[in-house]
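Everything numeric in this text was worked out from a predicted model, so none of it was measured.
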Amino acid sequence: MAPQRRRLHHLQRFPLLIPLISAVAAALMFLFALLSLLAPSPNETNHMHRPRQRSSFDVQSEDNAIGDNVFRVPKIIGKLNRGLWSFNNSVNFYGCSNASSEFPKAQAITHPDRYLVIATSGGLNQQRTGITDAVVAARILNSTLVVPKLDQRSFWKDSSNFSEIFDVEWFISFLSKDVKIIKELPAKVGRRSSLYSMRVPRKCSERCYINRILPILQKKHVIQLSKYDYRLANRLDPEYQKLRCRVNYHGLRFTDPILAMGRKLVRRMRMRSKHYIALHLRFEPDMLAFSGCDYGGGEKEQKELGAIRKRWKTLHVTNPDKQRRQGKCPLTPEEVGLMLRALGYGSGVHIYVASGEIYGGENTLAPLRALFPNIHSKETIAIKEELEPFSSFSSRMAALDFIVCDESDVFVTNNNGNMAKILAGRRRYFGHKPTIRPNAKNLYQLIMNRNNMTWEAFASRVRTFQKGFMGEPNEVRPGRGVFHENPSTCICEDSVPKVGQDSGHRKHGKDNAINENDDDEDYDDSELPEMEDDDYENDEDLSDRVEKGTYNGTVSDYDAMNSQNPELEEVVSD
């Protein structure tokens, strides 16, 4: 009895001990029960270790063991190899687009009674290609160019005129030695609304313009070329190619408000990190609907994108799996992130995303954020009041993205549209800054099978597949690819690097002449279907047809299709 009295005596001395012990025991029992409920069943555990087809919208864990091997994305945050941000041999290359002494000045060759009016087509970057080529066309026709009219009725619905996007005074003065440019037609010549309008074939060569357009211009004195995009051949005389470069890389300059805001965004990215990547994601609902691809969103995705696809009556139903296998679909944000991590960019890298509305919103971006937490956009690094002057105009917003992408250390394009092509060419011209274009055809199969290999094996194959898709000097042979993307005629090479070279404002160097026997295209340009150049050798005298009223322009089948659905090609253009 003595031991029991002693225990009772101790308990009486600590009256709160019994409730405390009871509470702790109850909490432990509750926690045990909760863990039992949350723990996967044996069947579920086995399922997790079997390869499965994952939706691209799933978040990729960095510690996820799948299949027989461990696919674990390493957590790399430290300093990266300098080779990821620049190419060692890029200092040997520089832009060289000055005209030769044999290229006559504009005042010597311009006919006083020839005026060329241009109506561009598409979004900002598609229109930029048209403006660039319009200057060359005016030069070929020895005519005065009227400042081009921007497309205000296309898919992009932007009411901006030329002078609200580009510095019109600089455009006219900088190119004055090459082409005479005026803001408006003289009153004695006529008004835009009453002009004779026609359409030029796509990829129209110098001979095409002389044979088809010049006879009409000589009779009418002023003509308007409508829907002017990609209406000039890819291969031209080197002097005309250099003029293209002078227009695109020097003559077309954004207005001061756009430049000031764009540079402010660049400074804010630099404040966050010494280096940054710009990603043109192109994962908007319209883009995905147009592509006809399948991104693992099931019936909901098919219904939503299918409803958008009905906008284009001439858009044929495609095989989604075939589209992906052929590399004709944009990569998902997660897939882009995996590619970049495999190339060696660590999770601490800052990424600027240039894009419109992302399909799926933050849920779609979540896997990319898991791989790269430092994701930014103009909306996140600028306040609403700063963007207010631009936010109602798609072209001005696109111009801001253009500036930040152009100034980035690495530019990644997820769709080979006009913005991607123009920026790739511009970055080659101004120092060959890395421009990554996913080798989607090979990456698709690799990414789909990634669960069956280690991260090291996956990364090694990504690096192999991306050789030739990184924007290095001499990556594309001179004369191959779209000229706006590969302006080889305007890029010179020195065996001894030129420090502080002023691109485009120096004497001629060694020029990469275009091989006329090369194929015109090297890349897949399926998003911009183009007619082949016709044989213009046997063109009849079109002036007679104009006089008789039987000539109605030169419209290809592609153009005829889009005259019924003018928005068809614009959605993938920028």
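Side chain of Q241 to backbone of R235: no donor-acceptor contact under 3.5 angstrom is found. At least one donor-acceptor pair under 3.5 Å links the side chain of Y276 to the backbone N or O of V404. Between the side chain of R282 and the backbone N or O of N415, no donor-acceptor pair lies under 3.5 Å. A donor-acceptor pair under 3.5 Å is formed between the side chain of Q127 and the backbone N or O of G122. The backbone N or O of K433 lies less than 3.5 Å from a partner atom in the side chain of T435, making a donor-acceptor pair. Proximity of a side-chain donor or acceptor of T380 to a complementary backbone N or O of H376 within less than 3.5 Å is not detected. Under the 3.5 Å distance criterion, the side-chain polar atoms of R231 are matched with a main-chain donor or acceptor of D229. D158 places a side-chain N or O within donor-acceptor distance of the main-chain N or O of S394, the cut-off being under 3.5 Å. Checked by atom type and distance alone, the side chain of R244 never pairs as donor or acceptor with a backbone atom of Y240 at under 3.5 Å. With N414 contributing its side chain and L281 its backbone, the two residues share a donor-acceptor pair below 3.5 Å.
Judged by distance alone, the side chains of T364 and Y295 never bring a donor and an acceptor atom under 3.5 Å apart. Between Q323 and S291, the side chains place no donor N or O within less than 3.5 Å of an acceptor N or O (distance only, hydrogens not considered). Between the side chains of Y429 and H250, at least one donor N or O sits under 3.5 Å from an acceptor N or O. Checking T255 against R396 by side-chain atom types alone, no donor-acceptor pair falls below 3.5 Å. Side-chain contact, T332 with E334: no donor N or O sits under 3.5 Å from an acceptor N or O.
In this structure, R128 satisfies the cation-pi test against F254, with its NZ or CZ atom closer than 6.0 Å to the six-membered ring centre and inside 45 degrees of the ring normal. Seen from the ring of Y444, R325 does not count as a face-on cation partner, given the 6.0 Å and 45° thresholds. The cationic atom of R426 (NZ for Lys, CZ for Arg) does not lie both less than 6.0 Å from the six-membered ring centre of F402 and within 45° of the ring axis.
The structure places SG of C329 at 8.5 Å from CE of M287, a figure rounded to the nearest 0.5 Å. Taking CZ of F390 as the reference point, atom NZ of K378 lies at 11.5 Å (rounded to 0.5 Å). In this structure, the separation between CD1 on I223 and CG on L214 is 9.0 Å, given to the nearest 0.5 Å. To the nearest 0.5 Å, atom NE2 of residue H484 and atom OG1 of residue T132 are 6.0 Å apart. Going from atom CG of L265 over to atom CD of E379 covers 9.5 Å, rounded to the nearest 0.5 Å. Note that the CG atom of L225 and the OG1 atom of T120 stand 12.0 Å from one another [nearest 0.5 Å].
Side-chain rings of H432 and F87 stay apart, their centers remaining 6.0 Å or farther from each other. A ring-centre distance under 6.0 Å is found for F171 and F162. No close placement of the Y345 and H275 rings is indicated, their centers lying 6.0 Å or farther apart.
Around the CZ atom of R263, the shell of radius 6.0 Å holds no more than 12 heavy atoms that belong to other residues, nucleotides or ligands. Around the NZ atom of K180, the shell of radius 6.0 Å holds no more than 12 heavy atoms that belong to other residues, nucleotides or ligands.
The residues E475 and R428 are annotated as salt-bridged, a charged nitrogen and a carboxylate oxygen being separated by less than 4.0 angstrom. The existence of a salt bridge linking K203 and D133 is excluded, since no basic side-chain nitrogen approaches an acidic carboxylate oxygen closer than 4.0 Å. A salt bridge does not link R480 with E485: none of the charged nitrogens is closer than 4.0 Å to a carboxylate oxygen.
Contact between N234 and G481 at its shortest, heavy atoms only, is ND2-O, 2.8 Å.
Ring planes of Y249 and F430: perpendicular class, angle over 60° (limits at 30 and 60°). Relative ring orientation between F411 and H280 is described as parallel, the plane-to-plane angle staying below 30° on a 0-90° scale split at 30° and 60°.
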Worked check of side-chain contact (heavy atoms from CB on, under 4.5 Å) between V462 and L343: CA-CA 7 Å; V462 168; L343 290 173; 4.2 Å; yes

R427 and D406: CA distance, side-chain angles, deciding distance, side-chain contact (heavy atoms from CB on, under 4.5 Å) verdict: CA-CA 7 Å; R427 291 168 69 86; D406 185 34; 4.1 Å; yes

N418 and Y230: CA distance, side-chain angles, deciding distance, side-chain contact (heavy atoms from CB on, under 4.5 Å) verdict: CA-CA 10 Å; N418 287 306; Y230 286 91; 2.4 Å; yes

Working for side-chain contact (heavy atoms from CB on, under 4.5 Å), residues T413 and L423: CA-CA 9 Å; T413 169; L423 276 171; over 6 Å; no

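Side-chain contact between I172 and V168: present, with at least one pair of heavy atoms (C-beta onward) separated by less than 4.5 Å. At a threshold of 4.5 Å between non-hydrogen side-chain atoms, the residues F283 and L365 do not count as touching. Between R270 and R267, every side-chain heavy-atom pair lies at or beyond the 4.5 Å cut-off.
In this model, C96 has its SG atom within less than 2.5 Å of the SG atom of C492.
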